[in-house]
Amino acid sequence: MSGLAIVGAQWGDEGKGKIVDYLAAEASVVVRYAGGNNAGHTVVVDDKTVRLHLVPSGILYPNVTCVIGNGVVLDPEVLADELDRLAGQGVDTSRLRISDRAHLLMPYHRDLDRLEEEARGEHRLGTTGRGVGPAYVDKAARDGIRTADLADPEGLRRRLEAVVPRKSALLQKLYGHPGYTVDEMYDYCMRHAERLLPLLVDAGRLVQEALAEGRKVLFEGAQGIMLDVDHGTYPYVTASWPTAGGIAPGVGVGPGCVGNVAGVVKAYTTRVGFGPFPTELTDEVGDLIRERGVEYGTTTGRPRRCGWLDLVQLRYAVRVSGIRQIVLTKLDVLSGLDPVRIAVGYEIDGRRVDTFPASLAELSRARPIYEDYPGWTEDLSGVTEPDELPAAARAYIRRIEELAGVPVVRVSVGPGRAQTLATGPLLW
Ligand code: IMP
């Protein structure tokens, strides 16, 4: 038995939360492997809207074990608030487990994220300001504090003595921030330890055992492939690995545990923050998509930049993340647009380019080459069978499959679980 990975195939916000919730009905374990509370997953069940930032999107099912893997950076304050909020909404979170190797996102990471962004001035990245980048920096710099450290108060204090004075000096000398004392950070960690310690597990082992017992595991991606620190539009990326390649190091399992990679693709493209976006629409069509698709960040409320579907970008994502099947979301948002357009190549300096360039300078000069398709006017939100989709919508899906080289197996036409059409068998 092997797991199913659900990855965002664009710049995040593809609707992974809804899809993971929908598929989690069959899962035994849902595990997050990257990112932090920069992610915002919205799940709508009946008349209840649940917003998740750290807790995996399988939490609404009573039988699913939800795991935060070691590849996630964990802000304990945000997690505590999220768990309280979920309890207030009547959601049982007793099946949440956290890797004992996950790194804590500390208060100074939040400060550094904000202050470094300010200092970047016109070169700023447009981060979510949650401290995620600086937490990964400290992990790689061997200055991180791990959840397992909370179980050893003396060792924790020694770790903090090794790290906090240098973080504080950085905050004070470079940014005029008062910084933090070791005692403050020790008390902070111990305050959260009580709640976190009972949840800690060897997450890789938990997942491996579930797979060995033939139970279904979902690996829940956060962000999107174009935000991957290696394969995205660097430096306008997040600091972790949203690609399926991030699962092995982010959970503690071998790559063979990932049997299928399903890429969640929005029927158009959005991105938040700065950085290249070849098919961006800065006209009234872009505004229309934003309003109809409610394209405002779940985490920050920022308006998302909107544009047409970009198959140069998508083919690249399919390749670097090993996507074998596509889940297409928000197709309903395109109703009433005529034509609907798909970028099939770029023109850069008079040349046709079919592969996604690494150079930001080239990307900024890329002019999309579009294919136009007739639109449809029907409201798709009540469609329950693929055959009920208008012919033009079906042709749009077929063209995406042809251009991407992988099949579309699910189509989402609204936020509810029932608004999901099965257009082919999902490999799991
Ligand atoms: P960071 O992850 O907060 O460091 O932000 C780096 C870049 O990734 C910024 O452009 C953010 O807007 C973007 N980003 C981070 N998380 C998400 C997400 O969940 N959805 C969409 N964009 C995100």
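One-based numbering, in listed order, for ligands and for the atoms of each. The figures here come from the full heavy-atom set of this structure, side chains too, leaving out hydrogens, waters and symmetry mates. Keep in mind that what you see is a predicted model, and the values were worked out from it rather than measured.
Among all heavy-atom pairs drawn from Arg32 and Ala222, the shortest one is NH2-CB, 3.6 Å.
From the protein, the heavy atom lying nearest to atom 2 (O) of ligand 1 is Thr238 OG1, 2.6 Å. Among protein heavy atoms, atom 11 (C) of ligand 1 sits closest to Gly126 O, 3.5 Å.
Using a 4.0 Å cut-off between heavy atoms, Leu227 contacts ligand 1 through its side chain alone, with no backbone atom that close. Residue contacts with ligand 1, taken as heavy atom pairs separated by less than 4.0 Å, do not involve Arg271 at all.
Residue Ala39 places a heavy atom less than 4.0 Å from ligand 1. Residue-ligand proximity: Trp11 is placed with a non-hydrogen atom under 4.0 Å from ligand 1. Within the structure, the closest approach of Gln223 to ligand 1 falls below 4.0 Å when heavy atoms are considered.
Of the N or O atoms in Asn38, one or more lie within a sub-3.5 Å distance of an N or O in ligand 1. Considering backbone and side-chain atoms alike, Asp113 places every N or O at 3.5 Å or more from each N or O of ligand 1. At least one N or O atom of Val272, backbone or side chain, sits closer than 3.5 Å to an N or O atom of ligand 1.
Close contacts between ligand 1 and Val237 involve ligand atoms 6 (C), 7 (C) [criterion: under 4.0 Å to a heavy atom].
Here the rule is side chain to side chain contact (heavy atoms under 4.5 Å, CB included) with Val7, and of Ile323, Thr243, Val264 only Ile323 fits it. Considering Leu86, Val43, Thr42 as possible partners of Arg51, the one that fulfils the side chain to side chain contact (heavy atoms under 4.5 Å, CB included) test is Thr42.
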